[in-house]
Amino acid sequence: MPANPESIPFGALMNPNLKLDIFPHIFPPAFFERVKAIAEESPALAAQIKRWLHIPVLWDLEARLRMMERFPGYKQILTLSLPAIEFLAPHDKTPELARLANDGMAEIVARHPDHFPAFVASLPMNNVPEALREMDRAIGMLGAKGIQIFTNVNGRPLDDPEFYPIFERMANQYDLPIWVHPTRTAKFADYAGESKSKYEIYWLFGWPYETSAFMARLVFSGMMEKLPDLKIITHHLGAMAPFFDARIGYGMDQLGSRTSDEDYTVILKRMAGRPVDYFRMFYADTSVNGSKSATRCGLDFFGADHVLFGTDCPFDPEGGPLFIREIIKAIDSLKLRNGDRRKLYFGNAMRMLRLDLPGAPKGEAKPKSRPAGTKKKAK
């Protein structure tokens, strides 16, 4: 094999249809039954259950397998669907729920490895000691290839020091990615004078804001500097960051100029690069519902080394296939270089998750994860 995989024509050494979807959602059967039982006592979950029951691919494995067969070479890295584990129960009950979910995911992967090469573990984030224990169990014993968290923990920000050990262990011990999914309910009102969000705005625009705020909190809290090997995959192509790259760039180059009660200028002095450079350290999936312009924008911002194929299946108007079909169409319409196309569809995922799939090229170069010109700090 040539030393440089980038020089290999696409399809010369592997299945030209290979695509690893790193952000589809599923409910393992036993866990779904438990969630339905919890929903009977929780009005906050009632509306979600009503929607889920009309999306068989979300919880019916045979329906999912039939749907996937429409796309030759298409495989899924499984992630648990909303709601977050910590939203379902108090801190003393969530560890058992996380174990139930992860055991179910591991069973699906074991039964259907050709369709599902790996899964992402869920954690009881309202119980950090148990979250760490479940991380070790899911990765060490069940073979999970990362963890999924949400943009807040029942309203608490993830740069709270209590959560730092989770990020630290994923970066320094496991060197595996953290998937980040936005979360916000209709209780988060659009205006202070109202009691709830109208017209589902909390989801439409609130979720991209949630992801962007999560990214900003990690950047300005210093998390990305403390843990330079941290790999965080943001859902929906980094949300607002790519479109607002210049606003982040020139705007945050002036950090502190609008604030009088705190001195934020010390943050800029501490940083080895510009704030926008740290936003580019995140990874992102292609889940933008098939928008060609949004996909191009995300690629321009993060670069091909930091973007992975993801669809948000099955939350589309057709209950599964539409986002897969339209996102593939959008990516292919961009006429990417063969090497970049491979990275998006499977190369980045294989490298980051340390997957070994038959027929796929080895030896993809490891990209830089730190801003240009910054130095990696000693651990």
Side-chain angles (χ1 to χ4, degrees), residues 146 149 151 157-161 163-180 208-259 262-286 294-308 340 343-344 348 351-352 364-379:
I149 62 174
T151 49
L158 270 298
D159 64 333
D160 186 307
F163 303 118
Y164 182 79
I166 292 172
F167 293 95
E168 182 180 40
R169 188 168 298 186
M170 287 302 298
N172 294 343
Q173 180 173 329
Y174 291 114
D175 190 29
L176 286 170
I178 299 174
W179 278 247
V180 177
Y209 175 82
E210 275 283 338
T211 302
S212 306
F214 162 85
M215 296 168 74
R217 293 292 288 256
L218 262 59
V219 167
F220 295 119
S221 69
M223 181 88 74
M224 309 302 284
E225 290 182 302
K226 295 174 185 175
L227 300 173
D229 293 324
L230 192 60
K231 298 176 179 64
I232 296 179
I233 303 173
T234 56
H235 209 6
H236 309 306
L237 246 179
M240 298 163 65
F243 187 79
F244 289 111
D245 62 339
R247 186 172 178 85
I248 297 170
Y250 295 126
M252 292 296 97
D253 286 346
Q254 307 170 67
L255 180 62
S257 62
R258 297 171 178 83
T259 305
E262 292 186 66
D263 183 9
Y264 288 150
T265 63
V266 298
I267 296 175
L268 291 180
K269 296 173 183 176
R270 181 198 72 213
M271 287 181 165
R274 298 174 67 203
V276 68
D277 294 331
Y278 291 90
F279 280 84
R280 297 185 201 275
M281 291 172 64
F282 290 91
Y283 294 77
D285 73 344
T286 58
T295 305
R296 179 76 269 172
C297 183
L299 277 167
D300 287 345
F301 182 77
F302 289 109
D305 287 331
H306 278 231
V307 178
L308 302 90
D340 289 346
K343 290 176 181 178
L344 261 67
N348 291 337
R351 169 178 51 79
M352 294 171 67
E364 295 283 353
K366 184 176 181 180
K368 295 179 180 179
S369 61
R370 296 179 299 281
T374 64
K375 296 181 179 180
K376 181 175 178 179
K377 295 187 176 182
K379 296 178 183 177

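Residues Ser212 and Ala241 come closest through the heavy atom pair OG-N, 4.2 Å. When all heavy atoms of Met271 and Glu225 are compared, the closest pair comes out as CA-OE2, 3.2 Å. Residues Leu268 and Pro275 come closest through the heavy atom pair CD2-CG, 3.6 Å. The minimum heavy-atom distance linking Asp305 with Arg351 is given by the pair O-NH2, 3.3 Å. Residues Arg270 and Ser221 come closest through the heavy atom pair NH2-C, 4.2 Å. Pairing each heavy atom of Phe302 with each of Leu237, the nearest pair is CE1-O, 3.7 Å.
Between Tyr264 and Phe220 the shortest side-chain heavy-atom distance does not fall below 4.5 Å. Val180 places a side-chain heavy atom less than 4.5 Å from the side chain of Thr151.
For Asp263, the salt bridge (charged side-chain N to carboxylate O under 4.0 Å, His left out) test picks out no residue, with sequence neighbours left out. The salt bridge (charged side-chain N to carboxylate O under 4.0 Å, His left out) check on Arg247 picks up nothing, with sequence neighbours excluded. For the side chain to side chain donor-acceptor pair (under 3.5 Å) test, no residue two or more places apart in sequence or in another chain qualifies with Tyr209. Residues forming a side chain to side chain donor-acceptor pair (under 3.5 Å) with Thr295 (at least two apart in sequence, or on another chain): none. Shown here are the salt bridge (charged side-chain N to carboxylate O under 4.0 Å, His left out) partners of Asp159, two or more places apart in sequence or in another chain: Arg217.
Rounding to the nearest 0.5 angstrom, the gap separating the CD atom in Glu168 from the CE atom in Met223 is 9.5 Å. Between the CG atom of Leu230 and the OH atom of Tyr283 there is a distance of 9.5 Å, given to the nearest 0.5 Å. Atom CD1 of Ile232 sits about 11.5 Å away from atom OG1 of Thr211, to the nearest 0.5 Å. The OH atom of Tyr278 sits 9.5 Å away from atom CE of Met224, with the distance rounded to the nearest 0.5 Å. Taken from CH2 in Trp179 to CG in Leu308, the straight-line distance is 8.0 Å, to the nearest 0.5 Å. The CG atom of Asn172 sits 12.5 Å away from the NZ atom of Lys226 when rounded to the nearest 0.5 Å.
At least one donor-acceptor pair under 3.5 Å links the side chain of His306 to the backbone N or O of Phe282. Of the possible polar contacts, one joining the Asn348 side chain to the Val307 backbone as a donor-acceptor pair under 3.5 Å is found.
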Output, in order, the C-alpha distance, side-chain angles, deciding distance and verdict of side chain to side chain contact (heavy atoms under 4.5 Å, CB included) for Leu299 and Asp340. CA-CA 10 Å; Leu299 277 167; Asp340 289 346; over 6 Å; no
Trace of the side chain to side chain contact (heavy atoms under 4.5 Å, CB included) decision for Leu176 with Lys231: CA-CA 7 Å; Leu176 286 170; Lys231 298 176 179 64; over 6 Å; no
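Among pairs with a residue in residues 233-245, those fulfilling side-chain hydrogen bond (donor to acceptor under 3.5 Å, both in side chains) read His25-His235, His235-Asp285, His235-Asp312, His236-Ser287, at least two apart in sequence or across chains.
Applying the 6.0 Å contact sphere to OH of Tyr164 captures more than 12 heavy atoms from other residues, nucleotides or ligands.
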